[in-house]
Protein chains: 2
Amino acid sequence: MTGLHDVAKLSGVSKSTVSRVINNESGVKASTKEKVQKAIDACGYIANQVARDLQSQKTNLIGVIVPRMYSNATAKGLDGLSSIIDQAGKYVLLANSQQNHAQEIEYIKRFNQKRVEGILLYATHLDSALVDAIKQSKAPVVLIGQDGSLFNIPSVIYDDLSVGFSAGQRLFGAGASNIGFIGVNSQDIAVDQCRFEGLRQALQHTKQISPLFHSRGAFSIESGYQQTKQLLIDWPQLDGLFCATDRIAIGAMKAISESGKVPGKEIKVLGVGNDELSQVSTPSLSTFSYAFDLTGEKSANMLLDLIENKQSSVSKLVMSFEIIDRESCYLSENKTS
Amino acid sequence: MTGLHDVAKLSGVSKSTVSRVINNESGVKASTKEKVQKAIDACGYIANQVARDLQSQKTNLIGVIVPRMYSNATAKGLDGLSSIIDQAGKYVLLANSQQNHAQEIEYIKRFNQKRVEGILLYATHLDSALVDAIKQSKAPVVLIGQDGSLFNIPSVIYDDLSVGFSAGQRLFGAGASNIGFIGVNSQDIAVDQCRFEGLRQALQHTKQISPLFHSRGAFSIESGYQQTKQLLIDWPQLDGLFCATDRIAIGAMKAISESGKVPGKEIKVLGVGNDELSQVSTPSLSTFSYAFDLTGEKSANMLLDLIENKQSSVSKLVMSFEIIDRESCYLSENKTS
DNA sequence: TTGAAAGCGCTACCAG
DNA sequence: CTGGTAGCGCTTTCAA
């Protein structure tokens with residue numbers, strides 16, 4: 001690979017001058033500039049950013065760790081954050097942990113070796129090992145999707161407790177009173193625990209009742225389908241079902257339909273996420289909408305701020321949600337449209 | 001940031017020795033090793049990969065350029081390729097061109113400056129400027145989604161012509177004969193041109209007829225919906241509709257339903273991609289399934305091969321597809337289930 | 001088994 | 001306006 005040195009020789013000037021031309025610095029005679037430029041084109045010189053990065057102690061790299069790509073939250077989030085990072089003239093170094101917790105910690109370490117300037121971590125859990133790894137990280141970390149504020153970790157989270165609470169109220173308002181919950185896994189505080197807890201509080205608050213069950217499985221249509229098949233047998237009185245994600249809810253509705261009941265009628269169903277699936281299914285799915293792309297943008301901005309000022313102005317950002325009323329759970333006073 | 005130098009001072013040995021310990025080289029006295037290790041832990045030393053990369057002339061970076069994240073093809077593809085790249089001990093440097101062609105060329109240049117070892121490019125077009133940029137690239141480039149083999153660019157593509165041809169046969173077989181096509185934009189050879197051309201050939205071949213129209217729009221449900229609303233007015237005789245993607249098809253079916261006709265009955269509809277949406281919609285959508293994750297894996301493997309051997313064993317990989325029969329277009333002899 | 005010194009390709013500082 | 005020199009933090013000879 002041809003370097004600064006070669007260009008210098010070819011154009012008969014010093015490396016310093018070539019460097020000046022490349023960086024478009026002022027104070028270079030026009031004729032020299034031209035001469036050097038010619039040499040650069042001639043030998044197809046490409047500046048070595050690695051050397052520059054070493055010299056300047058600055059890589060312009062932002063590490064992003066996700067549990068999987070095939071998910072609305074991550075795909076849309078990445079669209080949002082990449083545009084902000086790009087605007088800031090920085091690069092995204094992407095790692096896919098594939099839901100493997102140990103990998104996340106490993107990536108934080110490797111990213112620090114690569115001297116990333118900051119890390120955005122889409123988390124599905126938060127145990128002490130992860131907290132330690134984040135604390136160890138020289139590069140500032142912004143947590144997305146789980147609340148790390150108790151450990152002083154800047155976080156961008158969804159208002160999961162409120163979503164759960166609101167879900168309880170909606171199901172109750174639609175006439176349901178035997179209500180169950182399908183979550184994911186207990187390690188996922190936000191999606192599994194908080195959403196359930198919100199539901200529990202809503203039912204407790206309004207009717208002094210408790211959820212019938214808290215089932216758990218994967219983030220997929222299939223998982224929702226399989227669980228619900230069994231749940232319908234175990235809980236024949238079920239008339240309201242809150243699912244931690246839209247995909248799970250879609251699967252659940254399929255199982256309900258197959259059992260001879262009508263989702264949205266005998267059994268009200270609610271999801272979370274406002275996946276495109278939810279508007280296309282039959283019946284269409286009532287859900288909650290999060291601005292995933294905005295979440296990505298906000299997180300990126302928060303991280304850039306942290307990198308710039310070594311101290312963030314905000315340490316926790318709670319993204320609000322929007323209620324999407326559709327056929328699977330119309331409120332009693334909202335039967336129109 | 002503490003460096004090799006500090007560790008050396010702290011442990012009273014030379015930088016060379018510390019380097020040996022870090023890289024776990026043989027030929028270091030156990031006692032020394034221990035002493036150094038202690039110092040490393042004490043000052044929280046983290047090896048500077050940037051310096052290493054400069055020295056070794058190897059970054060372990062693979063550049064990946066995508067037009068957008070929120071798409072089945074890219075999200076699943078990224079899941080596939082990231083696992084291969086990770087296994088190879090390399091990193092993904094991600095760039096999102098946001099459908100902006102000029103950006104793609106810019107990223108190829110910047111990736112070369114960052115000294116990536118290779119580039120995976122999810123392309124939606126292939127003009128001469130892009131071909132030039134690829135040719136200029138020192139890092140090998142593998143094109144995904146568009147055929148660059150004419151320009152000697154290693155490519156992994158979908159069998160779009162066959163998909164179009166098969167679509168024609170299926171629509172015809174289901175009883176349709178006034179058939180239209182909704183594509184994306186004419187720059188997208190693969191998705192827009194090839195799929196249409198396949199359809200055209202099928203109709204020509206079997207019935208000596210031509211497609212009614214070739215409409216164009218965006219990759220979204222909304223776009224399919226809006227286009228179809230108008231198309232139904234312009235072409236009242238329409239009884240078969242082939243859409244370049246499932247999302248477009250979903251939108252089209254909505255417009256058809258609203259017009260009082262039944263998709264899958266009066267008008268047969270076909271999509272491409274086997275999006276989760278397609279199995280959830282009503283009626284469920286007949287489509288073609290591509291193994292997007294496998295495509296990502298194959299592409300990554302092809303690139304790694306290219307990096308390793310400077311010469312690929314395969315220069316073009318055509319991913320096959322699977323026919324998914326659902327309600328929107330049952331073949332005459334396939335009315336069951 | 002260890003250390004000294006020479007770079008990797010670039011920028012930055014100081015002379016000229 | 002231009003060139004020499006000294007690093008950035010590491011690895012890698014070559015000696016000791």
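Throughout, a chain's letter reflects where its sequence line sits, starting with A, and its residues are numbered from 1. Bear in mind that the values here come from a model prediction, so they are computed numbers and not experimental data.
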Tell me if the side-chain of [X] makes a donor-acceptor pair with the base of [N], cut-off 3.5 Å, by modelled atom types.
{"X": "A/Arg115", "N": "D/dG9", "value": "no"}
{"X": "A/Ser19", "N": "C/dA12", "value": "no"}
{"X": "A/Gln55", "N": "D/dG7", "value": "yes"}

Length of the line joining [X]:[atom1] and [N]:[atom2], which is rounded to integer Å:
{"X": "B/Ile46", "N": "D/dC10", "atom1": "CD1", "atom2": "C1'", "result": "15 Å"}
{"X": "B/Lys58", "N": "D/dT12", "atom1": "NZ", "atom2": "C1'", "result": "18 Å"}
{"X": "A/Asn48", "N": "D/dC10", "atom1": "CG", "atom2": "C1'", "result": "15 Å"}
{"X": "A/Asp53", "N": "D/dC10", "atom1": "CG", "atom2": "P", "result": "15 Å"}
{"X": "B/His5", "N": "D/dA6", "atom1": "NE2", "atom2": "C1'", "result": "15 Å"}
{"X": "B/Asp6", "N": "D/dC10", "atom1": "CG", "atom2": "C1'", "result": "13 Å"}
{"X": "A/Arg52", "N": "C/dC8", "atom1": "CZ", "atom2": "P", "result": "18 Å"}
{"X": "B/Gln49", "N": "D/dT11", "atom1": "CD", "atom2": "C1'", "result": "12 Å"}

| field | Side chain of A/Ser14 - closest among D/dG3, C/dG3, D/dG9 | value | D/dG3

| Among D/dG4, C/dC10, C/dA5, the nucleotide that comes nearest once only the side chain of A/Lys15 is considered | C/dC10

| said: Applying ring pair (Phe, Tyr, Trp, His ring centres under 6.0 Å) as the test, list every pair that has at least one member in residues 115-147 of chain A; sequence neighbours left out. | reply: A/His101-A/His125

Between [Y] and [X], is there a side-chain donor-acceptor contact under 3.5 Å, judged purely by atom types and distance?
{"X": "B/Arg110", "Y": "B/Gln113", "answer": "no"}
{"X": "A/Asn301", "Y": "A/Asp305", "answer": "no"}
{"X": "B/Asp86", "Y": "A/Asn96", "answer": "no"}
{"X": "A/Ser16", "Y": "A/Ser19", "answer": "no"}

| task | Answer with base, sugar-phosphate or nothing: what part of the nucleic acid does A/Val50 contact at a heavy-atom distance below 4.0 Å? | result | nothing

| said: Among residues 24-35 of chain A, which ones have heavy-atom contacts with DNA chain C below 4.0 Å? | reply: none

Compare side-chain N and O positions of [X] against OP1 and OP2 of [N] and report whether any pair is under 4.0 Å apart.
{"X": "B/Thr17", "N": "C/dG3", "value": "yes"}
{"X": "A/Asn23", "N": "C/dT11", "value": "yes"}
{"X": "B/Gln57", "N": "C/dG9", "value": "yes"}

| field | A/Tyr158-A/Phe292 aromatic ring centre distance below 6.0 Å | value | yes

| Run the side chain to side chain donor-acceptor pair (under 3.5 Å) check on A/Gln187 and A/Asp192 step by step: do they pass? | CA-CA 8 Å; A/Gln187 302 229 74; A/Asp192 187 89; over 6 Å; no

